[in-house]
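Take a look at the structure set out below.
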Amino acid sequence: MNSETPVRFGILGTGVIAGQLAAAFVDAPGCELVAVGSRSDTSAQTFARRWHIPTAHGTYEALCADPAVDVVYVATPHALHCQNTLLAISHGKAVLCEKPFAIHAGEARQMVRAARDRGVFLMEAMWTRFLPLWVELRARISGGLIGDGRLLSADFGFRADFDPASILFDPAMGGGALLDVGVYPISLAHMLWGTPDAVSAVAAFAPSGVDDQCAATLRFSSGAIAQISASLSAETQQDATLAGSKARLRIHRPWWRPDTATVTYEDERTEEIHCGFLGNGYPHELIEVARCVRAGLSESETMPLSETVAILETADKIRAQIGLRYPMDPAG
C-alpha cells in the first residue's frame with residue numbers, strides 16, 4: 001500500500017465509543033470510514049446514515065469479510081473484544097481494538113498470537129498515547145526534563161448512577177471502574193516506567209459485584225511509585241502529576257486528553273507546554289494505524305503489543321487483590 005492510498009476502516013459495533021471514533025475521520029487525513037457492522041441490520045443502517053458511511057452490514061461476520069475494509073475497529077463491550085478481534089483477524093484484517101484490549105491477559109495473549117500467526121496489524125486503541133502533548137512530553141521526559149521520575153499520581157473518575165442493566169455495572173460484560181477507566185492511569189504508569197514489580201490495591205463495590213471505585217499503588221524497579229485511582233461514583237480532578245529529581249510536571253485536566261502541562265523547576269520557575277489536538281482527539285490514533293498499515297508493520301512502537309499484555313497483567317493483579325472475578329475469567 002503506497003502513501004497516497006487511503007486506509008479504509010470499518011467499525012464493528014454501534015455504541016457510544018463507535019460514534020466518537022466515527023466523528024474523528026473528518027480530521028484524520030488518509031483514513032476513510034467505509035463500513036459499519038452491527039448485530040442487526042437496523043442498527044447498522046441507522047449508524048451508517050448518522051455518520052454518512054457508504055456500507056452497513058447486519059452482522060459482524062459480513063463486516064469482517066468485506067473486501068473494501070482494510071482495518072476493523074472493534075468497538076463492542078469489553079467482554080466481546082477478544083472474540084470480535086479474533087473474527088476480524090481470521091478474515092485477514094488489521095485490527096484496532098478499543099481499550100481495555102481484553103478482559104484479562106490470557107485473552108490478550110491469544111489475540112496477539114492470532115495476529116502474529118496471520119501476519120496482520122493489531123493495536124490497542126489507547127488513543128491518549130498519540131495525542132501531541134503526550135508525544136512532546138515523552139520526548140522531553142526522555143531528554144531529562146524532570147530528572148529521574150519518582151512519583152506519579154493519576155486519577156480518572158466520573159459519576160454514573162447505578163443501573164444493573166448498564167454494561168458499566170454488568171460483570172458479564174467486564175464492568176467496573178478498573179477496566180472502564182482505571183486502564184488509563186495503569187497505561188500511563190507503564191508508559192513511563194514499564195512493568196511494576198509490586199502492586200497493592202483496594203476497592204469498593206457496586207451492588208452488582210463489580211468495583212465501583214478502586215485505587216492501587218504500583219512500585220517499579222527504579223524505586224518510582226505510581227498512585228492511581230478510578231471511580232464510577234465520583235467526578236475526580238482528572239489531573240496527573242509527575243514528580244522527578246529535577247522538576248515536577250502537572251498535566252492539566254483531563255490528563256487523558258490534555259492540551260496543557262506545567263513544569264515547575266527546583267527554583268520554582270514554571271514553564272507551560274501547550275499542544276493542541278485534532279478534532280476530538282481520536283484522529284491521532286487513526287493516523288498512527290494508517291501509517292503502520294501502509295508501512296506493512298504488525299504493531300505500533302508507540303503502543304506495542306507486549307506492553308498491552310503487560311498492562312492487563314497489572315490489571316489482573318489488581319483484580320486478584322480486590323477479589324473481583326468475572327464469569328469469563330479462567331478457573332483457579
Side-chain angles (χ1 to χ4, degrees), residues 9-22 35-44 47 55-67 69-127 165-176 178-180 183 208 210 285 289 298-299 303 305-306 308-313 315-316 319 324-332:
F9 288 74
I11 295 181
L12 192 154
T14 55
V16 173
I17 190 65
Q20 291 175 343
L21 195 85
V36 61
S38 180
R39 289 175 296 183
S40 77
D41 188 64
T42 299
S43 177
F47 191 90
T55 303
H57 295 289
T59 67
Y60 296 157
E61 177 81 28
L63 172 72
C64 293
D66 188 338
V69 172
D70 302 311
V71 182
V72 170
Y73 168 63
V74 173
T76 47
H78 310 162
L80 303 178
H81 287 180
C82 182
Q83 69 183 69
N84 295 155
T85 294
L86 293 176
L87 174 64
I89 290 171
S90 73
H91 285 274
K93 304 300 186 185
V95 178
L96 173 65
C97 182
E98 185 51 44
K99 58 88 208 151
F101 189 69
I103 291 294
H104 52 75
E107 285 188 345
R109 294 187 198 100
Q110 183 183 4
M111 295 155 71
V112 171
R113 281 195 304 270
R116 288 176 174 163
D117 288 346
R118 191 62 191 258
V120 297
F121 175 84
L122 176 62
M123 190 182 89
E124 179 184 10
M126 185 51 72
W127 57 293
S166 167
I167 60 174
L168 277 177
F169 297 100
D170 185 355
M173 288 290 103
L178 178 66
L179 290 192
D180 195 68
V183 291
S208 59
V210 302
E285 70 174 353
V289 171
S298 60
E299 60 185 295
M303 190 68 250
L305 294 171
S306 60
T308 287
V309 173
I311 288 164
L312 278 165
E313 288 173 343
D316 288 349
R319 287 210 288 127
L324 174 58
R325 288 190 57 83
Y326 294 122
M328 69 292 288
D329 281 338

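The figures that follow rest on heavy atoms only: side chains count, while hydrogens, waters and symmetry mates do not.
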- request: Please answer whether the main-chain N or O of Phe169 pairs with a side-chain N or O of Ser208 as donor and acceptor at a distance below 3.5 Å.
  value: yes

message: For a side-chain contact (heavy atoms from CB on, under 4.5 Å) check, start with the C-alpha distance between Val74 and Phe101, then their side-chain angles and the critical distance, and finish with the verdict.
response: CA-CA 10 Å; Val74 173; Phe101 189 69; over 6 Å; no

query: Taking atom SG of Cys64 and atom CG of Leu12, what is their separation to the nearest 0.5 Å?
result: 5.0 Å

OG1 on Thr308 to CG on Leu312, rounded to 0.5 Å: 7.5 Å

query: Is the shortest side-chain N to carboxylate O distance from Asp329 to Arg319 below 4.0 Å?
result: yes

- line: NE2 of His81 to CG of Leu179, rounded to nearest 0.5 Å, is 10.0 Å

- prompt: Hey, does the side chain of Asp316 reach the backbone of His104 with a donor-acceptor pair shorter than 3.5 angstrom?
  reply: no

message: Restricting to non-hydrogen atoms, name the atom on Lys99 and the atom on Asp180 that form the minimum distance, rounded to 0.1 Å.
response: NZ-O, 2.7 Å

- prompt: If every non-hydrogen atom of Ala79 is compared with every non-hydrogen atom of Ala172, which pair is closest and at what distance?
  reply: CB-O, 3.3 Å

Min side-chain heavy-atom separation Asn84-Tyr60 under 4.5 Å: yes

Close side-chain approach of Leu86 and Cys82, heavy atoms under 4.5 Å: yes

- request: Grab the two heavy atoms, one from Arg325 and one from Pro330, that are nearest each other, plus how far apart they are.
  value: NH2-O, 2.7 Å

query: Going from CD on Glu285 to CD on Glu124, what distance comes out if it is rounded to the nearest 0.5 angstrom?
result: 10.0 Å

query: Is there a side-chain contact between Leu96 and Val72, using heavy atoms and a 4.5 Å cut-off?
result: no

statement: Smallest heavy-atom separation, Ala35 atom then Asp66 atom, equals CB-OD2, 3.9 Å

- prompt: Just how far is it from atom OG1 of Thr85 to atom NZ of Lys93, taken to the nearest 0.5 Å?
  reply: 14.5 Å

field: Residue list, salt bridge (charged side-chain N to carboxylate O under 4.0 Å, His left out) with Arg109, at least two apart or on another chain
entry: Glu313

- request: For Arg116, enumerate each residue passing the salt bridge (charged side-chain N to carboxylate O under 4.0 Å, His left out) test, keeping only those at least two apart in sequence or located in another chain.
  value: Glu299

- prompt: Where do Met173 and Pro77 come nearest, in terms of heavy atoms and distance?
  reply: SD-CB, 3.6 Å

- prompt: Are Glu98 and His78 close enough that a side-chain donor and a side-chain acceptor fall under 3.5 Å?
  reply: no

Side chains of Thr55 and Val36 in contact at under 4.5 Å (non-hydrogen atoms): no

- prompt: Val95 versus Val120: any side-chain heavy-atom pair under 4.5 Å?
  reply: no

Min side-chain heavy-atom separation Val210-Tyr326 under 4.5 Å: yes

side-chain contact (heavy atoms from CB on, under 4.5 Å) partners of Ala94, counting only residues at least two apart: Val71, Phe121, Val293

task: Please report the shortest heavy-atom distance between Leu305 and Ser298, naming the atom on each side.
output: CD1-O, 4.3 Å

message: side-chain contact (heavy atoms from CB on, under 4.5 Å), that's the test. Do Phe9 and Val289 meet it? Break it down for me.
response: CA-CA 10 Å; Phe9 288 74; Val289 171; 3.9 Å; yes

- prompt: Under 4.5 Å between any side-chain heavy atoms of His57 and Ser38, yes or no?
  reply: no

- prompt: Do side-chain atoms of Arg118 reach the backbone of Ser90 as a donor and acceptor pair under 3.5 angstrom?
  reply: yes

task: Report the distance from atom OG1 of Thr76 to atom CD1 of Ile17, rounding to the nearest 0.5 Å.
output: 11.5 Å

